[in-house]
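The block underneath contains the structure these notes are about, expressed in structure tokens.
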Amino acid sequence: MKEYKYKINGNTYKVAVGDIDNNVAQVEVNGIPYKVELDSAKKPVTVVNAPRPSAAPRTETGAKVIAKPATTATGGYQIKAPLPGTVLSVSVKVGDTVKASDTVAVLEAMKMENAIHAGRDGVVASINANPGDAVLEGAALITLN
């Protein structure tokens with residue numbers, strides 16, 4: 001039993017609290033035993049509605065916005081997205097001649113802007129991504145001849 005001393009209105013009380021079983025406590029006050037019933041405080045039940053995942057964005061025609069990696073049978077060199085992200089800008093046009101170190105596009109991924117370089121010398125044959133497009137890793141952004 002745990003013992004406590006309380007002073008109420010100038011009177012000292014020696015209180016010993018014993019076992020508590022089914023919300024009934026064995027209490028002894030100044031040597032007199034009592035059975036004290038405790039209130040059972042019920043915890044409020046909170047219902048959490050888990051948010052549903054939102055659908056992937058689509059265009060007005062219903063097509064998906066995310067471009068998949070393209071596989072082409074052409075012999076051209078493809079400049080591919082090194083990681084998934086959003087195309088911020090494309091700085092070349094079809095027919096432009098580029099050097100290996102030229103920046104041809106800017107890709108935003110993980111809140112960072114990544115400059116995409118040509119990788120080799122060539123002439124731009126096609127542009128497969130537009131600014132604002134979301135692309136996956138490996139998606140062909142630009143094809144060089």
Side-chain angles (χ1 to χ4, degrees), residues 1-9 12-29 33-145:
M1 286 189 143
K2 290 194 175 197
E3 294 188 11
Y4 304 94
K5 288 188 180 179
Y6 294 105
K7 195 170 211 176
I8 302 171
N9 292 332
T12 302
Y13 296 93
K14 184 176 165 186
V15 178
V17 179
D19 295 331
I20 300 174
D21 188 33
N22 292 331
N23 290 337
V24 176
Q26 301 294 329
V27 179
E28 193 175 289
V29 180
Y34 294 96
K35 286 188 178 182
V36 178
E37 189 174 335
L38 304 173
D39 269 347
S40 60
K42 295 184 180 181
K43 295 180 182 177
V45 177
T46 56
V47 177
V48 177
N49 291 333
R52 289 184 166 172
S54 60
R58 295 185 179 266
T59 62
E60 292 146 8
T61 62
K64 293 182 180 177
V65 174
I66 297 177
K68 292 183 180 176
T71 56
T72 60
T74 62
Y77 174 77
Q78 292 182 338
I79 302 169
K80 297 182 178 182
L83 63 164
T86 304
V87 178
L88 290 182
S89 66
V90 177
S91 57
V92 294
K93 297 181 297 234
V94 174
D96 286 355
T97 302
V98 294
K99 299 279 186 197
S101 61
D102 289 349
T103 299
V104 294
V106 177
L107 183 72
E108 179 187 18
M110 298 180 284
K111 298 188 180 185
M112 299 276 298
E113 290 184 9
N114 300 285
I116 309 299
H117 300 285
R120 72 170 195 145
D121 296 349
V123 177
V124 177
S126 68
I127 298 174
N128 306 324
N130 297 315
D133 286 354
V135 294
L136 297 175
E137 180 178 356
L141 302 175
I142 298 170
T143 304
L144 298 179
N145 281 337

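Atom CG of N23 is surrounded by more than 12 heavy atoms from other residues, nucleotides or ligands within 6.0 Å.
In terms of heavy atoms, A16 sits closest to E3 at CB-CG, 3.9 Å. Considering all non-hydrogen atoms of both residues, V94 and I127 come closest at N-CD1, 4.0 Å. A pairwise comparison of heavy atoms in P82 and I116 identifies CD-CD1, 3.6 Å as the closest pair. Considering every non-hydrogen atom in both A129 and V87, the closest pair reads CB-CG2, 4.0 Å. Looking at every heavy atom in both residues, A140 comes nearest to N128 through O-CB, 3.2 Å. Heavy-atom minimum distance, N145 versus A125: ND2-CB, 3.4 Å.
With rounding to the nearest 0.5 Å, the separation of OG1 in T143 from OH in Y77 is 11.0 Å. One distance of note links CG of L136 with CG of L83; it measures 11.0 Å at 0.5 Å rounding. With values rounded to the nearest 0.5 angstrom, N130 atom CG is found 12.0 Å from S89 atom OG. Distance check, rounded to the nearest 0.5 Å: CD of E28 to OH of Y34 gives 10.0 Å. A distance of 10.5 Å separates NZ in K80 from CD in E137, rounded to the nearest 0.5 Å.
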Could you list the donor-acceptor pairs under 3.5 angstrom formed between side-chain atoms of residues 98-115 and any protein atom two or more places apart in sequence or on another chain?
residue: D102; atom: OD2; partner: K99; partner atom: N; Å: 2.8
residue: T103; atom: OG1; partner: H117; partner atom: ND1; Å: 3.4
residue: N114; atom: ND2; partner: L107; partner atom: O; Å: 3.3
residue: N114; atom: ND2; partner: M112; partner atom: O; Å: 3.4

>> Please determine whether side-chain contact (heavy atoms from CB on, under 4.5 Å) holds for the pair T97 and V123, giving the CA-CA distance in whole Å, both sets of side-chain angles, and the decisive distance to 0.1 Å.
In response: CA-CA 4 Å; T97 302; V123 177; 4.0 Å; yes
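Scored by the side chain to side chain contact (heavy atoms under 4.5 Å, CB included) test, S91 finds no partners at all (sequence neighbours excluded).
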